[in-house]
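Note sheet for the following structure.
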Amino acid sequence: MAGPGTRAGAAHAVLRGVTRIFPPADRGQAPVHALGPLDLDLARGEFFAVVGPSGCGKSTLLEILAGLSAPTEGSVMFEDSAVRGSPPDGVGVVFQEDASFPWLSVWDNVAFGLRRAGIDSAETARRVDHALGFMGLTGFARAYPAQLSGGMRQRVCIARTLVLQPRLILLDEPFGALDQQTRLLMGDELLRLWRDTGATVLLITHALDEAAMLSDRIGVMSARPGRFIDMVATGWPRDRDSTIVSDAAFGEVTARLWSSLRGESLKALGAAP
Amino acid sequence: MTERAPAWKRYGDSLALLAGLVLLWWLLSRWAGEEALTGPAETLARAQELLQSRRFHGHVTESLTALGYALLLAALGGLGLGTWLGVRRLAGQVAEPILVALYALPKITLYPVILLIFGLGLPAKVAFGAIHGIIPVTIFTLNAVRTIRPVYLKVARTLRLTPWQAFRTVWLPAALPEIVSGQRVGFALTLLGVLIGEMFASQRGVGFVLINAIGLNDVPTIMAAAFLLAVFAATVSAILLKIDRALHRRTIRA
C-alpha cells in the first residue's frame, strides 16, 4: 500500500504529514497541537537522532512510530505496511524511564519477550546469554533490578529489546538519567549494537553531543508543535566510537545543531529569540 | 534499599516487646485483682483446659469454617472487584468514594439486616465476615492496579503481548505487593466480622464462647479465649506480613 508521497521500498520507515493534536484536558481549554505536520524517511540501517527543545513532541513522535498511539492526521509506514496505533512486528522500543520488571531476575527480564513469543527454551537461553554478555551483565543474571544501578537497569531493558532482534530500534532518551561518563560508554555500546545487528536506529535525545557523536543524520525539531527545521548529515564512518568527540568536524556538527536549536529552545522557555 | 538488621536484633526487639507486654499484663492483674483481670499464668492454664475440651473444639471448628468461607468470599470477591474497577478507570473513580464511605460505616448497623436475610447460623456469620473483609481488599486491589507504572504497560504493548499474557505476566505481578497488603488487612477485618457475628444471635463459635463467658462473668475463660484469638491472629498476620515484605523488598521506588 503506497499512499501519496511515499516511495515504496526506498525507505525502512516513512512518515507523511504526521500530526498529533491532543484533545483539551478540561472544558474551555484549547486542544494542544503537539506535533507536525511532519515528514521523515528512515533509510534501512541508518542511525538517526532527533533533538529538540523540551516539550516539542519528540516522545510523541516515537510513540506514533512505535504504534503506541495513532497520529491525528498523516500516515506511518514500516516495511511497506501501515502502522496505526498498534505496535508492528520487528520494532523494539527502549523507554526513558526504567522499565525493567522488578519481580523478575535480570535473566528472566531479558528472556521475557522471547518466552511470550513462544521461542523454544534452547534458543531463548542462547540469545539471552549472548545479550547479557554483550551488555556486560553476565555476572548479574540472577540479580534482581533493585540490586542494580540505574545504568545497569537500562542495559537490562536494552538487552530485553535486543534479544527479539528488532529491525527498527526506537530509543527515547535512554541515557537521560545517567551521568556523562556512563552515557559516553553506553553510546559506544549502542554503536557496537547498531553495527552488529544492522538495525535501523532512531534515538531521541536532548544531548547535542550525544546526537552528534552517534548519528549518521540528525533531525532538529522546532518548539511545539514539533516540526523538523534542520537535517544534519554527519558523514561519520560506520566503525566509529566515542573518540570522535576529539575530531574537528564533531565541533562543527555540534555548533550547527546549536545554532538551529538556540532560538527554538528560547521559545520553549517562553522568551523572545 | 535499606539494609536489613541482623537476625538477633530483629527477633531480640520482638521478644523484648513481648516480655514487656506480659509484664504489663501481670502488673495490671495484680493491681486490678484476679476477679477483674486474670494474670498470664492462670490464663495459660485455662487456655490449656479449653484446648483439651471437646466442646471447645466444636466451637473452634465452627469459627474456622465461617472464617474460611468469609475469607474466600472477601479475598476472591475483593480481588475480582478491585481488579475490574482498577482496569475500568471511570468505574473505579465512581466506586472509590462509595467504597471508602462503606469502609467507614460501622458494619454492626447492618447486622440486623443480614440476620433477616440469612437467618441465624453459619451463612449470617460468613456474610458478616465477608462484608468486613471485601471492602479493604477491593480498595487495596483497585489502587494496586491503578498505580501500575504506565511504562510497564507500554512494554507489554511493544512486545505485542496478548491481553491475557499482559494481565498474567505484567499487570498481576506489578500489582501483587499491594494486593497482598490488602489481603493482610482483609484477613484481620474478616476475622473481626466473624467474631462479632458470633457474639450476637449465635449459639456456636469462639465469639459465642466469649460472649457467654462475659454473661457468666467467667473472667479466666474471657481472657483465655481472647489470648488464643490473639495468638491465632498474630500468627497469620505475621506470615502474611513476611510475604508482604518479601514482595515489597523487590519493588524499586524510582
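In what follows, chains are A, B, ... by sequence order, proteins preceding strands, each numbered from 1. Remember, predicted model here, so these are calculated numbers, not experimental data.
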Please look at A:L164 and chain B and tell me whether the side chain, the backbone, both or neither of the residue comes under 4.5 angstrom of a heavy atom of that chain. side chain
So what's closer than 4.5 Å to chain B heavy atoms on A:E63: side chain, backbone, both or neither? side chain
Should we say atom CZ of A:R167 is surrounded by more than 12 heavy atoms from elsewhere, each under 6.0 Å from it? yes
Report, as yes or no, whether the 6.0 Å neighbourhood of atom CZ on A:F48 holds more than 12 heavy atoms from other residues, nucleotides or ligands. yes
Quick one: does B:T169's side chain get under 4.5 Å of A:F101's, heavy atoms only? no
Are B:P150 and A:F95 close enough that some pair of their side-chain heavy atoms sits under 4.5 Å apart? no
Note, A:W103 side chain near B:L247 side chain (heavy atom, < 4.5 Å): no
Please check this pair: side chain of A:E97 against backbone of B:V151, looking for a donor-acceptor N/O pair closer than 3.5 Å. no
Check the pair B:T158, A:V91 against side-chain contact (heavy atoms from CB on, under 4.5 Å), reporting the backbone distance first and the verdict last. CA-CA 8 Å; B:T158 56; A:V91 176; over 6 Å; no
So which of A:R116, A:R115, A:R160 has the biggest tally of heavy-atom pairs under 4.5 Å with chain B? A:R116
Got more than 12 heavy atoms from elsewhere within 6.0 Å of CZ, A:F140? no
Neighbour count above 12 (heavy atom, 6.0 Å) for B:R89 CZ: no
Whether over 12 other heavy atoms sit under 6.0 Å from A:H33 NE2: yes
Determine whether more than 12 heavy atoms belonging to other residues, nucleotides or ligands lie under 6.0 Å from atom CZ of A:R192. yes
In Å, rounded to the nearest 0.5 Å, how long is the span from OG1 of A:T161 to CG of B:L159? 7.0 Å
Just by modelled atom types, is the A:S86 backbone N or O under 3.5 Å from a matching donor or acceptor in the B:R157 side chain? no
Under a 4.5 Å heavy-atom cut-off, does chain A meet the side chain of B:A174, its backbone, both or neither? both
